[in-house]
2 protein chains.
Amino acid sequence: MTEIRTDLSRCPLFDRLAPALLEQLAGACRAIRRRKAETIIREGEPCEGFFVVAEGLVRVYKIAADGRERTLHVVRPPHSFAEAAMFAGGGYPAFASALEDARLVLVPREPFCRLLREQPEAAVRMFESLSMWMHRLLDQLETETFLNARAKLASYLLRELRRRPAGAGPARIELAQPKKEIASQLGMAPETFSRAQADLESAGLIVVAGRSIQVPDPAALDAILLGDFQGRAVS
Amino acid sequence: MTEIRTDLSRCPLFDRLAPALLEQLAGACRAIRRRKAETIIREGEPCEGFFVVAEGLVRVYKIAADGRERTLHVVRPPHSFAEAAMFAGGGYPAFASALEDARLVLVPREPFCRLLREQPEAAVRMFESLSMWMHRLLDQLETETFLNARAKLASYLLRELRRRPAGAGPARIELAQPKKEIASQLGMAPETFSRAQADLESAGLIVVAGRSIQVPDPAALDAILLGDFQGRAVS
DNA sequence: CGGAAGGTTGACCCGTCTCAACCAATGTGG
DNA sequence: CCACATTGGTTGAGACGGGTCAACCTTCCG
């Protein structure tokens, strides 16, 4: 139980919660483990509650009628997912599975809703979390409709760069997942990812070495997002 | 002022609010009018508050670096938009403009946040509203990635059918906006919309007469969403 | 050694975008 | 009242981006 309490306390939703309330909520939660590739929730399943990721990576995704999959987001500790499902009825709106062996905390619906009603501060945190999800989805929809494969990759790399500690040496990214997984996040086929990467590399914008990618000049990479790109027209 | 109170009371966010609280909130709000095509908010602008649509239609959209636009959603009375902007910082996440002459109520940030802190019931409504937006965005992203132009149109028509009063005569839809606007909502060029429509019509799935579209057999139209469509392979 | 998983590359195909012509309905000014 | 422009929509031709299929390579592992 004390482990659950610690896991919750790290999550932005709860990190300012009074210890007593945290303890109480933790008592109502359940620790859950999933091995790599195991499913956590299925689209349409009734919503028991939402999840805090304590360890490991979780992939949130949709499945098309013909079986194709599309990753919507990868959730890392100490964040949460499926919060929105609790208020909209109709079950979970997407699938989720473990990208690595994962430890999760299931926060059941009722105890959590009680907390929200009683703790305005907790409610505000929840609003912030939902808003962040919305912004993320908006960005994704924007990326989707306005950018081509190269620009999507560039925008992904720049986002990853921004996630790193400030002034952390040279601009280098270590991909934490297989490239085909990243391709799915970006809404493209693995082959297209590979080609986009090759294009950016031959334009001198990135240097690829396995799963390590260097960006000598982030500003130049950023320019890809605007006007188009003549990379393929070398002839 | 009493007009503002009435407008607010119709909005799902506030329709169960105690009259005294409603009155108080209304006192802090501002009535706003916009003519057709006038801008309401711009992406990145600091967030003063969010909006309830009292009359008219509002288009929420993104603009690409090269000027292309993409409609994300059309908000109709008595619903609201830009709620999420209040919690995420960084200003409004998209543009909004009036599709028709519109009457709006601006609910300023601070008075509203105070209400949320003091009224758990209001907070619950807010969660529901944010969750609906998230579901809508998820659906849109799903549609975007899995469906082709014909299937997008079919899914739009079926959605519109479901919005109509139950048992309201034959399955007919009156498009309330120009087709090129709907094309933008569906993320396709107007020409593509026109062709998708022609395809469905020549397959006998819909009957088009100007802006009026009939669906003789909704179940058949639904089948388009699953497997693919041989409509163009008539030869 | 053989096999599986991750990744790259080439060839080809298909869907959608773009550009352009065209049409109908509606207005506008002389 | 007519010439003309404007707006909304349809249709055709061509180009292009990205998906698919297939071959191949490397690394890792049993």
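In what follows, every chain begins at residue 1, and chains take the letters A, B, ... in the order their sequences are listed.
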Peer 1: Find every protein N or O atom lying less than 3.5 Å from an N or O atom of nucleotides 19-26 of chain D, and list the pairs.
Peer 2:
from: D:dG19; atom 1: OP2; to: A:A189; atom 2: N; distance (Å): 3.1
from: D:dG19; atom 1: OP2; to: A:T192; atom 2: OG1; distance (Å): 2.5
from: D:dT20; atom 1: O4; to: A:R195; atom 2: NH2; distance (Å): 2.9
from: D:dC21; atom 1: N4; to: A:E191; atom 2: OE2; distance (Å): 3.1

Peer 1: Would you kindly check if the NZ (Lys) or CZ (Arg) of B:R59 is within the cone defined by 45 degrees around the ring axis of B:Y61 and under 6.0 Å from the six-membered ring centre?
Peer 2: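 Flagged: B:R59 positioned over aromatic ring of B:Y61.
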Peer 1: Counting distance only, does the side-chain N/O of A:R68 pair as donor-acceptor with the main-chain N or O of B:F146 below 3.5 Å?
Peer 2: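 Looks like yes, one N/O pair under 3.5 Å.
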Peer 1: Flag the pair B:L175 / B:I173 as yes when at least one side-chain heavy-atom distance between them is below 4.5 Å, and no otherwise.
Peer 2: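 In short, these two side chains touch, coming nearer than 4.5 Å.
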Peer 1: Looking at B:I182, is its backbone amide N or carbonyl O close enough to the side chain of B:Q177 to form a donor-acceptor pair, meaning the two atoms are under 3.5 Å apart?
Peer 2: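 Checking the backbone N and O of B:I182 against the side chain of B:Q177, no donor-acceptor pair under 3.5 Å is found.
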Peer 1: Rounded to whole angstroms, how far apart are CD on B:E181 and C1' on D:dG8?
Peer 2: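 Checked: the CD to C1' distance equals 13 Å.
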Peer 1: For B:K62, is there an ion pair with B:E43 - N to carboxylate O distance below 4.0 angstrom?
Peer 2: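 Here B:E43 pairs with B:K62 in a salt bridge, since their nearest N and O are under 4.0 Å apart.
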Peer 1: Using the salt bridge (Lys or Arg N to Asp or Glu O under 4.0 Å) definition, which of the options B:R33, B:R103, B:R10 pairs with B:E55?
Peer 2: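 The option that passes is B:R103.
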Peer 1: Short question: side chain of B:Q214, backbone of B:I206 - any donor-acceptor pair under 3.5 Å?
Peer 2: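 The answer is no, because no donor-acceptor pair under 3.5 Å joins these two groups.
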Peer 1: Find the distance B:D199:CG to D:dT10:C1' and express it as a whole number of Å.
Peer 2: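 From B:D199 CG to D:dT10 C1': 13 Å.
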Peer 1: Measure from NZ on B:K180 to P on D:dT6 and round the result to the nearest Å.
Peer 2: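 For the pair B:K180 NZ and D:dT6 P, the rounded distance is 14 Å.
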Peer 1: Tell me: CZ of B:R150 to C1' of C:dC14, nearest whole Å?
Peer 2: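 Nearest whole value for this atom pair: 11 Å.
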Peer 1: Polar pairs (N or O, both sides) under 3.5 Å between protein and nucleotides 24-28 of chain C?
Peer 2:
none

Peer 1: Which protein N or O atoms sit under 3.5 Å from an N or O of nucleotides 27-30 of chain D?
Peer 2:
none

Peer 1: Looking at B:D101 and B:K36, is there a salt bridge between them, counting it only when a charged N and a carboxylate O are closer than 4.0 Å?
Peer 2: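 No, B:K36 and B:D101 are not salt-bridged.
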Peer 1: Would you mind telling me which of C:dG6, D:dT10, C:dT16 lies closest to the side-chain atoms of B:K179?
Peer 2: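 From the listed options, D:dT10 comes nearest.
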Peer 1: Between A:K180 and A:S184, does the side chain to side chain contact (heavy atoms under 4.5 Å, CB included) criterion hold? Intermediate values first, please.
Peer 2: CA-CA 6 Å; A:K180 66 175 189 175; A:S184 171; over 6 Å; no
Peer 1: Taking side chain as C-beta onward, heavy atoms only, is B:S212 less than 4.5 Å from B:R172?
Peer 2: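 They are in contact (side-chain heavy atoms under 4.5 Å apart), so the answer is yes.
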Peer 1: The side chain of B:A198 is closest to which nucleotide in this list: C:dG7, D:dG9, D:dT11?
Peer 2: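 For B:A198, the side-chain atoms sit closest to D:dT11.
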Peer 1: Under 4.0 Å between a Lys/Arg side-chain N and an Asp/Glu carboxylate O for B:R35 and B:E38?
Peer 2: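 Judged by the 4.0 Å cut-off on N to carboxylate O distance, B:R35 and B:E38 do not form a salt bridge.
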